[in-house]
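Computed from heavy atoms alone, side chains included, the values below leave out hydrogens, waters and symmetry copies.
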Amino acid sequence: MTAVLSTENVDPSERFAYWREAVCDRFVDLDVHRLGESAFEGRVESHQIDRIRANRVGGTPMQVARTPRLVSRSSDAYFKVGLQLRGTGLLIQDGREAVLRPGQLAFYDSTRPFTFHYQDRFDLLVLQVPHPAIAARAPGLTLLTARPFSCDGPLGRLLAMCMREIGMASGGAADHAVADAAIELMAAAAATMQGRAPEDPRALLRTRVKQFVRDHLTDHDLSPETIARAHGVSVRYLHKIFEEDQATVWALVRQLRLERARRDLVDAASQHLTVAAIAHRWAFCDAAHFTRSFKAAYGDTPAAFRAQALT
């Protein structure tokens with residue numbers, strides 16, 4: 001569902017104050033200043049497509065800043081890509097300045113200060129993506145902030161077209177697929193800006209998920225849902241990236257837990273632990289379940305395996 005906030009029907013004396021509230025509500029906490037003496041106007045259209053929020057914002061001359069003070073008091077963590085539709089904007093972040101003209105894109109990051117400066121009437125389309133959703137697919141994105149990216153090439157045209165479609169979408173059953181496509185195009189654009197071939201986003205994400213699982217094997221609430229949430233993807237997409245391994249993410253969790261338990265059973269440093277204690281250490285729900293899983297994997301019960309190994 002699209003939400004529209006506009007100063008059109010607001011008393012001229014209250015428009016700027018209303019706009020400052022609207023911008024902070026739809027984006028992140030921002031410091032807004034009007035430029036020039038003309039009557040102030042502003043409009044923002046916003047809606048959510050799965051993990052992506054699309055915002056189309058326009059108005060009369062203004063400056064919008066994400067100051068160090070606002071960054072420090074906020075937990076918002078988004079990567080953003082802005083497509084200039086009308087007017088010329090100046091984006092400043094990380095010591096770089098990007099002059100954005102219609103048909104140009106640029107990345108920026110809500111976790112660090114930035115400034116947008118518009119001397120004339122403007123129109124900007126912004127996609128806002130949570131950090132985990134894009135960081136897992138586009139390493140090094142923080143080095144690309146405030147660098148203009150042209151839409152003249154095939155990749156730029158595809159990303160711009162995708163952004164426009166999302167900006168007009170009304171949501172639906174295909175939201176997951178649309179969001180995944182947009183994020184993968186953003187990752188491909190980032191790779192191109194770095195002068196390297198785009199990595200297979202599924203292989204990259206699969207590698208990150210496997211490391212995440214290794215780091216959290218003892219967490220009793222580890223599940224496909226918590227893994228997907230930590231990486232900013234849907235559970236459906238998480239299962240899809242493991243299809244090439246001809247396994248499931250839950251099978252990976254079970255396999256790695258059994259391997260760690262098997263190691264503990266024969267480790268001299270763990271001889272004081274019972275089989276049940278080792279099962280609990282590696283987040284098996286109960287000793288009986290652990291015994292069945294262990295025997296299915298290794299052909300013997302944990303107790304028999306331990307006794308044989310010690311002998």
Side-chain angles (χ1 to χ4, degrees), residues 1-8 10-11 13-36 40-85 87 89-98 100 105-119 121-135 138 141-147 163 166-167 179 182-183 186 229-230 232:
M1 180 178 179
T2 300
V4 179
L5 295 168
S6 173
T7 61
E8 182 179 1
V10 179
D11 186 281
S13 64
E14 299 176 358
R15 284 182 178 179
F16 185 64
Y18 171 82
W19 178 252
R20 293 181 70 173
E21 298 262 342
V23 168
C24 291
D25 180 57
R26 291 297 165 187
F27 291 84
V28 293
D29 287 340
L30 297 166
D31 191 11
V32 186
H33 297 276
R34 60 186 300 176
L35 303 176
F40 184 83
E41 296 176 24
R43 176 183 173 89
V44 58
E45 299 177 19
S46 177
H47 62 271
Q48 194 82 20
I49 296 293
D50 194 55
R51 305 174 301 289
I52 295 178
R53 172 172 284 183
N55 296 290
R56 182 166 181 169
V57 57
T60 50
M62 68 180 75
Q63 177 175 293
V64 179
R66 177 84 161 152
T67 64
R69 178 180 61 84
L70 293 177
V71 170
S72 67
R73 75 181 194 186
S74 172
S75 60
D76 294 319
Y78 299 104
F79 279 119
K80 303 188 178 190
V81 57
L83 171 62
Q84 195 68 37
L85 301 175
L90 175 65
L91 169 61
I92 304 170
Q93 188 169 47
D94 297 327
R96 293 183 289 269
E97 297 185 1
L100 298 180
L105 298 154
F107 292 106
Y108 57 109
D109 187 346
S110 73
T111 64
R112 298 190 305 285
F114 65 80
T115 300
F116 263 111
H117 186 93
Y118 285 102
Q119 197 65 44
R121 185 178 287 272
F122 72 98
D123 197 2
L124 179 73
L125 178 59
V126 179
L127 295 191
Q128 179 173 297
V129 182
H131 262 219
I134 184 68
L141 192 58
T142 56
L143 303 175
L144 305 177
T145 53
R147 295 185 186 276
M163 291 179 67
I166 289 177
I183 292 170
M186 289 172 63
R229 187 162 56 248

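- With values rounded to the nearest 0.5 angstrom, Thr145 atom OG1 is found 7.5 Å from Leu91 atom CG.
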Checking side chain to side chain contact (heavy atoms under 4.5 Å, CB included) for the pair Val44/Arg56: CA distance, chi angles, key distance, verdict? CA-CA 5 Å; Val44 58; Arg56 182 166 181 169; over 6 Å; no
Report the C-alpha distance between Asp31 and Arg69 in whole Å, list the side-chain angles of each, state the deciding distance to 0.1 Å, and finish with yes or no for side chain to side chain contact (heavy atoms under 4.5 Å, CB included). CA-CA 10 Å; Asp31 191 11; Arg69 178 180 61 84; 5.6 Å; no
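- Ring planes of Phe79 and His131: parallel class, angle under 30° (limits at 30 and 60°).
- With Asp94 contributing its side chain and Arg96 its backbone, the two residues share no donor-acceptor pair below 3.5 Å.
- Lys80 places none of its side-chain heavy atoms less than 4.5 Å from the side chain of Asn55.
- Thr7 places a side-chain N or O within 3.5 Å of a backbone atom of Gly42 that can act as its donor or acceptor partner.
- A distance-only check finds no donor-acceptor pair linking the side chain of Gln128 to the backbone of Tyr78 [under 3.5 Å].
- Of the possible polar contacts, one joining the His47 side chain to the Ile166 backbone as a donor-acceptor pair under 3.5 Å is found.
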Set out, in order, the CA-CA distance, both residues' side-chain angles and the distance that settles side chain to side chain contact (heavy atoms under 4.5 Å, CB included) for Arg66 and Tyr108, then state yes or no. CA-CA 11 Å; Arg66 177 84 161 152; Tyr108 57 109; over 6 Å; no
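- With rounding to the nearest 0.5 angstrom, the CG atom of Leu83 is 9.5 Å from the CG atom of Asp123.
- Residues Val10 and Phe40 are not in side-chain contact: their nearest non-hydrogen atoms beyond the backbone lie 4.5 Å or more apart.
- The distance from the CG atom of Leu30 to the OG1 atom of Thr115 is 10.0 Å, given to the nearest 0.5 Å.
- Judged by distance alone, with hydrogens and angles left aside, the side-chain atoms of Gln63 form no donor-acceptor pair with the main-chain N or O of Tyr118 at under 3.5 Å.
- In this structure, CE in Met62 is found 12.0 Å from CD in Gln119, a value given to the nearest 0.5 Å.
- Side-chain atoms of Thr60 come within 3.5 Å of backbone N or O of Glu41 as a donor-acceptor pair.
- Here the side chains of Glu21 and Leu5 are not in contact, with every heavy-atom distance at 4.5 Å or above.
- If you look at Phe122 and Phe116, their ring centroids are not closer than 6.0 Å.
- Distance CZ/Arg147 to CD/Glu97: 12.5 Å, rounded to 0.5 Å.
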